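Predicted, not measured: the structure shown is a model, and the values here were computed from it. We're numbering straight along the sequence, starting at 1.
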Amino acid sequence: PCGFAPEPYHGPSKAEVLATRKEFLNPAMFHHFKDPVMITQGHMQYLFDETGRRYLDAFGGIVTVSVGHCHPVVLEAIEKQTRLLQHTTTIYLNEQIGAFAQELSARLPAHLKNVYFVNSGSEANDLAMLMARLHTGNFDILAVRNGYHGMSPSTMGLTGQVTWKYPVPHGFGIHHVMNPDPYRGAFGNDGAAYVADAADMVTHSTSGKLAAFFAEPVQGVGGAVTYADGYLPAMYDLVRQHGGLCVADEVQTGFGRMGTHYWGFEMHGLSPDIVTMAKGIGNGVPLAAVVTTDEVAATLTQRIHFNTYGGNPVCSAAGRAVLRVIDEEGTQANAARVGDHLLARLAALKDKHDIIGDVRGKGLMLGLELVTDRATKTPAAAECAAAMETMKDHGLLMGKGGMHGNVYRIKPPMCWTLEDADFCVEVIDEALARL
């Protein structure tokens with residue numbers, strides 16, 4: 001029980017909403033489930049449909065709702081700022097954007113103190129690419145296969161999955177190194193072997209001079225893939241030997257979600273040159289940022305650069321409230337406690353269901369990969385989708401991803417409780433048993 005009653009819904013029916021969507025929205029917009037869920041209200045870790053039925057959210061608006069749906073502290077900040085001033089641009093002074101930048105940079109290593117606010121992860125990574133190329137004077141960029149960095153024309157090139165790449169020219173100067181996936185990778189958990197292969201690629205596929213290396217500390221869309229031991233520190237060394245900057249894409253991993261660390265790069269012992277972030281930074285408002293050194297940031301002064309909505313007063317107020325909530329409510333510690341409990345219970349579930357090939361992740365960014373055969377690791381995509389329908393019917397909204405669509409992405413609002421984690425495991429257990 002959550003002690004929260006949603007407001008009665010009096011709007012158009014689900015059938016009418018679906019018909020309107022089909023008629024007026026781009027057909028590329030897809031929905032989960034054969035019978036799509038219509039969400040009309042949210043409260044912390046819960047979502048409610050038009051009938052008032054409650055669901056436990058295991059996907060957090062695709063890893064975007066960090067501290068909880070409609071968190072009262074965040075709502076209050078948004079409402080207060082909206083009544084004062086909804087929008088200006090950076091051509092005028094406003095206290096919110098500067099205060100937010102100061103508070104955000106205080107949570108990063110000392111050399112990363114220069115902030116540029118944008119609206120999405122794609123924009124942030126796009127800008128980081130530009131900064132890296134301008135600062136180094138080099139063009140070639142390395143990214144990791146199976147990684148995801150956005151869908152703008154530039155970041156689509158960074159992304160290492162065919163499912164997100166349209167058949168148009170893209171990815172000029174971008175080279176994808178092997179994915180150091182301990183479960184599916186060619187070299188297993190041998191991080192040094194993957195780095196050696198990357199070094200060979202630099203020798204044979206680039207000029208030998210790099211602009212940047214982009215990597216998520218844990219792959220998000222790719223299925224909560226953690227890397228082979230020692231991989232990222234050695235890759236950072238390799239890239240810097242060839243003149244490149246190291247970019248940590250914290251769009252999904254940042255703001256305490258890893259539990260043990262505030263940022264994903266910290267758990268690898270890294271010191272990036274640029275950090276990109278989005279999603280959880282605003283708990284659902286369109287907000288993202290690129291944080292880097294003063295020297296790298298200064299490259300943009302060569303020309304005029306401007307973002308109309310980036311860091312607007314309302315979004316900045318929301319972002320500042322998210323930072324306060326994470327600090328004051330112990331959100332990171334909760335992600336560690338609940339995540340460890342959930343990971344242990346999922347690992348035990350693997351012993352019960354042969355269809356579970358791998359359980360992985362960190363904090364509240366976990367993955368459960370389904371396979372039809374543990375020896376061949378054949379992806380169980382159809383079974384993954386079918387069980388997800390059962391989970392929905394039992395009141396759990398699950399996410400999925402991975403190259404083959406066979407990985408459950410368990411990345412809920414970080415206000416989940418131990419009881420929520422237990423419910424999640426029990427529903428997964430039941431859904432898999434019904435296959």
For the residue pair [Y] / [X], report whether a side-chain donor-acceptor contact shorter than 3.5 Å exists.
{"X": "T253", "Y": "E250", "result": "yes"}
{"X": "R257", "Y": "Q252", "result": "no"}
{"X": "H404", "Y": "E369", "result": "no"}
{"X": "D181", "Y": "Q219", "result": "no"}

F139 six-ring face occupied by R133 cation (under 6.0 Å, within 45°):
yes

Identify whether NZ of Lys or CZ of Arg in K400 sits under 6.0 Å from the centre of the six-membered ring of Y408 and within 45° of that ring's axis.
no

Are more than 12 heavy atoms, taken from residues, nucleotides or ligands other than L418, located less than 6.0 Å from that residue's CG atom?
yes

With a 4.5 Å heavy-atom cut-off, do D420 and V338 have their side chains touching?
no

Answer with yes or no after comparing the ring centroid distance for F117 and Y309 against a 6.0 Å cut-off, counting only values under it.
no

Which value, rounded to the nearest 0.5 Å, describes the distance between L232 atom CG and H268 atom NE2?
5.0 Å

Of V285, L104, I97, which is the lone residue that meets side-chain contact (heavy atoms from CB on, under 4.5 Å) with S316?
I97

Would you call the rings of F59 and H32 parallel, tilted or perpendicular, where under 30° means parallel and over 60° means perpendicular?
parallel

